[in-house]
**Student:** 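Below you'll find the structure I mean.
Below, all heavy atoms of this structure are taken into account, side chains as well, without hydrogens, waters or symmetry copies. Residue numbers run from 1 in the order of the sequence given. As the structure lists them, so they are numbered: ligands from 1, and atoms in each ligand from 1. If you're wondering where the values come from, they're calculated on a predicted model, not measured in any experiment.
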Amino acid sequence: MINVLMFGPPGSGKGTQSVTLAEKYNLLHLSTGDMLRAELKAGTGLGKKMEAIMAAGELVPDEVVIEMIAQKIDSTTGKKGFVFDGFPRTVEQAEALQKMLEVRGMKIDLMLVLEVNDVELMDRMKKRALVSGRADDADEAVINNRIEVYRSKTEPVIEYGRSTGVSRQVDGVGSIEDIFDRLCSHIETII
Ligand code: AMP
């Protein structure tokens, strides 16, 4: 089993790249953002509780996403591993993931960190806002807050990955195909 974490600020291309990486290597793509948006769309109790937090660009409580991920891991068969997209977003989530994998005989094998400068990020997010229909993409203040939350709460997870030797910086600027090739070259080293 191989477990890859896709990292990077909002708008860095994690989602797009995770989908194609998962296809190529027969991994399950697990996006906590997609799972939470599915809860909102279905109008579940959990979705209703999380809506305001997500619309403000803040993080939902750690235990909510940790539980979602644990359930998915346990109900998955026939895959060679997982691509985690948008999870973990705090050091607490990273520690919980590591434990969750350990007790199931797995580990975090690779953490791919997409690097994109803030000017390019804003530009991409504004373009995405025109097509995504996401409330948290539509407002510049919310986008800025999401980038800020990434820097303050999520970037420390990269340090955690560095200390365990699994993190790799990847230039996230260029064509989607070129960035994909860069990511694949790192995955090839662990399979
Ligand atoms: P994303 O699609 O990954 O940009 O996530 C959209 C929103 O969902 C985030 O701004 C958070 O409000 C929430 N979210 C997604 N993943 C997580 C996570 N791992 N921890 C906390 N909140 C999350």
**Student:** Can you confirm whether K79 is buried at NZ, in the sense that more than 12 heavy atoms of other residues, nucleotides or ligands lie under 6.0 Å from that atom?
**Tutor:**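 More than 12 within 6.0 Å, yes.
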**Student:** Would a single hydrophobic cluster contain both L5 and M100, if residues Ile, Leu, Val, Met, Phe, Trp and Tyr are joined by side-chain heavy-atom contacts under 4.5 Å?
**Tutor:**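 Same hydrophobic cluster.
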**Student:** Hydrophobic clustering (ILVMFWY, side-chain heavy atoms < 4.5 Å, transitive) - are V113 and V4 grouped together?
**Tutor:**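 Per the 4.5 Å side-chain linkage, V4 and V113 are not co-clustered.
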**Student:** For D74, is there an ion pair with K72 - N to carboxylate O distance below 4.0 angstrom?
**Tutor:**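 No, this pair does not count.
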**Student:** More than 12 foreign heavy atoms under 6.0 Å from CD1 of I53: is that the case here?
**Tutor:**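 It does: I53 CD1 has more than 12 such atoms within range.
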**Student:** With rounding to the nearest 0.5 Å, note down the distance linking OH in Y160 to CD in E92.
**Tutor:**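 The CD atom of E92 is 10.5 Å from OH of Y160, to the nearest 0.5 Å.
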**Student:** Heavy-atom cut-off of under 4.0 Å around ligand 1: list whichever protein residues fall inside it, by chain and number.
**Tutor:**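 Near ligand 1, by chain and number: T32, G33, L36, R37, M54, E58, L59, V60, V65, G86, F87, R89, Q93, R134, D136, R146.
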